[in-house]
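Step one of this worksheet: look at the structure below.
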Amino acid sequence: MAGHPDHYSREQMVAHWMIVLFVLMQYMMGDDVARWFGGLLEGEATPSGLGPIYVHGFMGALIFIVMAFRLYERLTRGVPPAPTTEPRPIQFASRAVHWAFYVVLLALPVFGALAVFLQSGFVGWLHMLTTKLLLLLIVAHIGGAVWHLFRKSDKTTARMWRQDPPGRI
Ligand code: HEM
Ligand code: HEM
């Protein structure tokens, strides 16, 4: 298992913000894609929304590739330690959310692709349910990031865009 470097690498930071952008776009397309999928399941010959499903599938594949790269980086290079300014249960919760992101963001594209190829309403439902779980993780994660951002002399949040932010962790 990798150790704890004192900062995120440029690749880790760029990959983090790429994922934020891609995930945002996936949610913006969600309604159109769900409508197209509903039409497909009802046996419509040409369900409307073919454009969005292509883009959604392509973005989903990109998310899978970037997350696989991040997982590799995390296991080989490692990530900085959790902020010691927080009590142990909070440190644990924040790391648990990070690991859950990997699981959910690698599983989502697989569920999505299987739903389309198998034309399975059940797998589509699993995909949709997982997107709700992802939303919960995002709310918790951003809550933590904003909390650290506004605490005096706390560099936890800034270390996702600077390698040498002032302050302490
Ligand atoms: C991490 C990647 C992905 C994210 C974040 C994501 C997100 C979403 C969201 C937010 C919805 C709308 C759910 C709702 O109606 O409440 C959705 C629906 C859907 N997505 Fe994805 N998606 C991803 C990858 C994929 C991939 C790769 C495919 C395959 C082509 C796909 C296929 C679908 C389908 C078929 C639906 C409709 C499901 C249904 O209505 O039951 N998704 N996705
Ligand atoms: C789709 C939304 C997001 C996802 C999926 C996500 C995912 C992650 C993951 C997995 C990590 C762990 C580091 C790693 O393994 O590379 C992380 C760290 C971090 N994220 Fe996000 N993030 C999201 C949005 C945000 C936003 C909007 C902010 C800022 C407001 C943010 C700030 C941070 C910070 C500061 C860290 C470092 C925390 C630490 O090292 O303890 N993230 N993020």
Side-chain angles (χ1 to χ4, degrees), residues 2 4-5 7-9 11-41 47 49 52-67 69-75 77-86 90-91 94-135 137-149 154-162 165 169:
H4 287 302
H7 61 267
Y8 286 99
S9 69
E11 292 80 13
Q12 282 172 314
M13 292 185 206
V14 171
H16 176 272
W17 294 109
M18 277 166 68
I19 291 291
V20 173
L21 181 69
F22 294 166
V23 166
L24 183 73
M25 290 172 72
Q26 292 296 70
Y27 278 91
M28 285 164 61
M29 276 179 274
D31 283 351
D32 287 339
V33 174
R35 211 170 307 118
W36 173 85
F37 189 61
L40 181 78
L41 291 183
I53 186 68
Y54 276 134
V55 181
H56 191 79
F58 177 74
M59 296 292 300
L62 263 184
I63 290 177
F64 186 90
I65 293 167
V66 176
M67 284 312 286
F69 166 75
R70 283 181 72 174
L71 185 59
Y72 171 78
E73 284 273 285
R74 185 158 182 147
L75 294 176
R77 178 183 186 275
V79 292
T84 47
T85 47
E86 296 302 333
I90 299 288
Q91 292 184 29
S94 105
R95 289 292 128 130
V97 168
H98 293 171
W99 280 112
F101 273 136
Y102 285 92
V103 175
V104 164
L105 286 171
L106 287 169
L108 263 176
V110 175
F111 287 157
L114 282 179
V116 173
F117 290 126
L118 302 176
Q119 300 200 6
S120 160
F122 174 69
V123 183
W125 175 79
L126 269 184
H127 181 74
M128 196 205 33
L129 207 67
T130 313
T131 64
K132 309 291 179 212
L133 174 62
L134 177 59
L135 269 188
L137 295 174
I138 291 174
V139 168
H141 182 67
I142 294 184
V146 170
W147 158 254
H148 284 286
L149 189 61
D154 186 327
K155 66 176 185 180
T156 309
T157 305
R159 66 186 181 170
M160 198 38 101
W161 57 79
R162 277 184 66 169
I169 36 171

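Everything quoted here is computed from the prediction, not taken from an experiment. Just follow the structure's listing: the first ligand is 1, and inside any ligand the first atom is 1.
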Per-atom contacts of ligand 2 with [X], taking only distances under 4.0 Å to non-hydrogen atoms:
X    : result
R95  : 39 (C), 40 (O), 41 (O)
Y8   : 13 (C), 37 (C), 38 (C), 39 (C), 40 (O)
Y102 : 10 (C), 14 (C), 15 (O), 16 (O)
L105 : 5 (C)
R74  : 12 (C), 13 (C), 14 (C), 15 (O)

For [atom], which protein heavy atom lies nearest, and how many Å away is it?
atom                    : answer
atom 10 (C) of ligand 1 : Y27 CD2, 3.4 Å
atom 13 (C) of ligand 1 : M128 CG, 3.5 Å
atom 1 (C) of ligand 2  : I138 CD1, 3.8 Å
atom 16 (O) of ligand 2 : R70 NH2, 3.0 Å
atom 39 (C) of ligand 1 : F37 CD2, 3.5 Å
atom 29 (C) of ligand 2 : W17 CH2, 3.6 Å
atom 15 (O) of ligand 1 : A34 CB, 3.7 Å
atom 30 (C) of ligand 1 : G57 CA, 3.7 Å

Requested in this report: Please report the number of protein N, O or S atoms that lie less than 2.8 Å from atom 21 (Fe) of ligand 2.
Outcome: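 Those protein atoms number 2 in total.
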
Query raised in the report: Does CE in M13 sit with more than 12 non-hydrogen atoms of other residues, nucleotides or ligands closer than 6.0 Å?
Result: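 Counting other residues, nucleotides and ligands, CE of M13 exceeds 12 neighbours.
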
Requested in this report: Decide if atom CH2 of W147 counts as having more than 12 heavy atoms of other residues, nucleotides or ligands within a radius under 6.0 Å.
Outcome: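 Open: at most 12 neighbouring heavy atoms sit under 6.0 Å from CH2 of W147.
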
Query raised in the report: Looking only at heavy atoms of K132, does any of them come nearer than 4.0 Å to an atom of ligand 1?
Result: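 Flag set, K132 near ligand 1.
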
Nearest heavy-atom pair of [X] and [Y]: which atoms, and what distance?
X    : Y    : value
L134 : V104 : CB-CG1, 3.8 Å
V23  : I138 : CG1-CD1, 4.1 Å
P81  : R159 : O-NH2, 2.9 Å
V79  : Y8   : CG1-CE2, 3.7 Å
S9   : E73  : OG-OE1, 3.4 Å
Y27  : T131 : OH-O, 2.6 Å

Query - Contact list for residues 16-26, test side-chain hydrogen bond (donor to acceptor under 3.5 Å, both in side chains), sequence neighbours left out - result: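 Residue pairs with at least one partner in residues 16-26: Q26-H56.
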
Query raised in the report: Taking Q12 for the side chain and G78 for the main chain, is one N or O donor matched with an acceptor at less than 3.5 Å?
Result: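 The answer is yes, because a donor-acceptor pair under 3.5 Å joins these two groups.
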
Requested in this report: Give a yes or no answer on whether the side chain of H127 reaches the backbone of L108 with a donor-acceptor pair at less than 3.5 Å.
Outcome: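 Yes, because the side chain of H127 sits within donor-acceptor range (under 3.5 Å) of the backbone of L108.
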
Taking 4.0 angstrom as the limit and counting only heavy atoms of [X], give me the atoms of ligand 1 inside it, by number and element.
X    : answer
I63  : 1 (C), 2 (C)
A113 : 28 (C), 29 (C)
G124 : 38 (C), 41 (O)

Looking at [atom1] of [X] and [atom2] of [Y], how far apart are the two atoms once the value is rounded to the nearest 0.5 Å?
X    : Y    : atom1 : atom2 : answer
L133 : F101 : CG    : CZ    : 9.5 Å
L71  : W99  : CG    : CH2   : 6.0 Å
F64  : F22  : CZ    : CZ    : 15.0 Å
L62  : I19  : CG    : CD1   : 8.5 Å

Would you call [X] and [Y] a side-chain contact if the rule is heavy atoms closer than 4.5 Å?
X    : Y    : answer
H98  : R74  : yes
F111 : L129 : no
E86  : H148 : yes

**Report entry** ligand 2 contacted by R159 (non-hydrogen, < 4.0 Å)
**Finding:**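 Yes.
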
Query - Protein N, O or S within less than 2.8 Å of atom 21 (Fe) of ligand 1, waters excluded - result: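 Protein N, O or S atoms closer than 2.8 Å to atom 21 (Fe) of ligand 1: H56 NE2, H127 NE2.
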
Query raised in the report: Can you list the residues that meet the side chain to side chain contact (heavy atoms under 4.5 Å, CB included) rule with F37, with sequence neighbours excluded?
Result: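 F37: side chain to side chain contact (heavy atoms under 4.5 Å, CB included) contacts with L40, L41, A115.
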
Query raised in the report: Is the closest N or O pair between T156 and ligand 2 shorter than 3.5 Å?
Result: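 There is no such contact.
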
Query - V146 contact mode with ligand 2 (heavy-atom cut-off under 4.0 Å) - result: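 It is neither part, as no heavy atom is under 4.0 Å.
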
